[in-house]
Amino acid sequence: MRVPDAKVALSTASVYPESTATAFEIAARLGYDGVEVMVWTDPVSQDIEALRRLSDYHRVPILAVHAPCLLITQRVWSTDPWVKLQRARAAAEKLGASTVVVHPPFRWQRGYARGFVEGIWRMADETDVRFAVENMYPWRYRDREMLAYAPNWDVTHDDYRHFTVDLSHTSTARTDGLAMVDRMGDRLAHVHLADGKGSGKDEHLVPGRGDQPCAAVLERLAAGGFDGHVVIEVNTRRAMSSAEREADLAEALAFTRLHLASSRTSRP
């Protein structure tokens, strides 16, 4: 068996409605390689020193920082989206994280959207931290579709240095996840692993419980020697207990490690 250098991390969003601190505790207990911090309304997720203490106490490194790009985080770390990214970069640098995950702008953020591609390149040139722009999806309601992101929800249409692929988002967009991975090519730096069944909602199911090519993507990454991070970003808010939530996260970790282990051996 050959296992690639990719590390498997737990997104702190995966324990919601439990806290950021709980995510570190679960990641340590289950044997994750690290965490991705989702910066959101939990004050601990916004506090670099608190995050450092949690990382040191649990001996779980912070591998990535997810900038506060969600609708519910529009006022976290400033209302200026560029300031948010600057603070995310500073947090990553201070915490030893290699990656900042960022969404493309909402269409109503017109000035930000106009300069987004060039701005991400400029910021990437100023640091060793990778700004990995994440694929999104059209918003749907019944038979209507709204394009909520600009320049495009399919980030492969634009020129970025690094990408994040999210397989729950490919499901919601009803697009081919493997084809998106291929389009990203060697600029794919980061993976959000979750499953989906193609509904209008961003489901973030445990890998293997939907119809996305989670196993095939992991196996392809392993065969190609992917050395970025694979982050479990699943929705466990319907778990009936902490034990059930932890069981889901243990299942997701086992699935990921299994399919990242490639049986192909190198040939002369």
Side-chain angles (χ1 to χ4, degrees), residues 4-16 19-28 30-40 42 44-56 58-70 73 76-77 84-104 120 123-124 126-136 155 160-169 181 184 187-194 204 207 217-218 221 226-234 249 252-253 256-257 260:
D5 293 333
K7 293 182 177 179
V8 183
L10 178 65
S11 168
T12 58
S14 294
V15 306
Y16 182 83
S19 67
T20 300
T22 300
F24 279 86
E25 182 182 330
I26 292 174
L30 295 181
Y32 278 83
D33 297 318
V35 300
E36 175 180 300
V37 174
M38 171 68 80
V39 180
W40 65 300
D42 181 346
V44 170
S45 74
Q46 305 170 31
D47 187 328
I48 293 172
E49 289 308 312
L51 292 169
R52 194 197 311 277
R53 288 193 296 270
L54 283 168
S55 177
D56 290 346
H58 292 288
R59 298 183 180 180
V60 174
I62 296 169
L63 302 180
V65 173
H66 195 309
C69 308
L70 307 177
T73 59
V76 172
W77 278 0
K84 291 173 183 282
L85 297 191
Q86 290 163 1
R87 293 190 64 173
R89 180 190 68 192
E93 290 170 342
K94 291 175 182 177
L95 294 168
S98 64
T99 305
V100 168
V101 178
V102 57
H103 293 179
I120 290 293
M123 293 190 73
E126 297 170 350
T127 181
D128 291 332
V129 172
R130 296 175 297 188
F131 281 88
V133 186
E134 183 173 5
N135 63 296
M136 298 306 289
V155 293
Y160 300 109
R161 182 175 293 171
H162 294 113
F163 292 115
T164 296
V165 69
D166 184 307
L167 294 180
S168 177
H169 295 175
V181 166
M184 291 179 172
R187 291 183 291 169
L188 175 59
H190 202 69
V191 176
H192 279 170
L193 193 68
H204 283 276
V217 165
L218 291 171
L221 294 176
F226 179 73
D227 62 357
H229 305 319
V230 178
V231 178
I232 304 300
E233 192 185 69
V234 296
L249 298 177
L253 177 61
T256 305
R257 292 209 191 281
L260 273 178

Side chains of [X] and [Y] in contact at under 4.5 Å (non-hydrogen atoms):
{"X": "S98", "Y": "H229", "value": "yes"}
{"X": "R52", "Y": "L95", "value": "yes"}
{"X": "V102", "Y": "R89", "value": "no"}
{"X": "V39", "Y": "T73", "value": "no"}
{"X": "M123", "Y": "V129", "value": "no"}
{"X": "M38", "Y": "V101", "value": "no"}
{"X": "H58", "Y": "E25", "value": "yes"}
{"X": "L218", "Y": "F226", "value": "no"}

Value rounded to 0.5 Å, distance of [atom1] in [X] from [atom2] in [Y]:
{"X": "R59", "Y": "L54", "atom1": "CZ", "atom2": "CG", "answer": "15.0 Å"}
{"X": "L63", "Y": "K7", "atom1": "CG", "atom2": "NZ", "answer": "6.0 Å"}
{"X": "T164", "Y": "R187", "atom1": "OG1", "atom2": "CZ", "answer": "13.0 Å"}
{"X": "E233", "Y": "L193", "atom1": "CD", "atom2": "CG", "answer": "10.0 Å"}
{"X": "L253", "Y": "D33", "atom1": "CG", "atom2": "CG", "answer": "8.0 Å"}
{"X": "E126", "Y": "Q86", "atom1": "CD", "atom2": "CD", "answer": "8.0 Å"}

Kindly write out the residues that satisfy side chain to side chain contact (heavy atoms under 4.5 Å, CB included) with [X], not counting sequence neighbours, or none if the list is empty.
{"X": "Y160", "result": "F116, V117, I120, V133, P151, V155, D158, F163"}
{"X": "A27", "result": "L10, Y32, V35, V60"}
{"X": "A50", "result": "V44, D47, R53"}
{"X": "A97", "result": "I62, V65, A92"}

H192: partners by ring pair (Phe, Tyr, Trp, His ring centres under 6.0 Å), with sequence neighbours left out: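 So H192 forms a ring pair (Phe, Tyr, Trp, His ring centres under 6.0 Å) with H66, H190.
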Not counting sequence neighbours, which residues clear ring pair (Phe, Tyr, Trp, His ring centres under 6.0 Å) with W77? List them please.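 W77: no ring pair (Phe, Tyr, Trp, His ring centres under 6.0 Å) contacts found.
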From the options I232, V231, V37, V234, select the one residue that forms a side-chain contact (heavy atoms from CB on, under 4.5 Å) with S11.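 Single side-chain contact (heavy atoms from CB on, under 4.5 Å) partner of S11 among I232, V231, V37, V234: V231.
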When you measure from the side chain of [X] to the backbone of [Y], do you find a donor-acceptor pair of N or O atoms at a distance under 3.5 Å?
{"X": "H204", "Y": "A194", "value": "no"}
{"X": "T256", "Y": "A252", "value": "yes"}
{"X": "S45", "Y": "T20", "value": "no"}
{"X": "E134", "Y": "V165", "value": "no"}

Between T99 and H162, is there a side-chain donor-acceptor contact under 3.5 Å, judged purely by atom types and distance?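 T99 and H162 do not have a side-chain donor-acceptor pair below 3.5 Å.
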D128, CG atom: more than 12 neighbouring heavy atoms under 6.0 Å: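 12 or below, so no.
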side-chain contact (heavy atoms from CB on, under 4.5 Å) assessment of L249 paired with V15: CA-CA 9 Å; L249 298 177; V15 306; 4.0 Å; yes
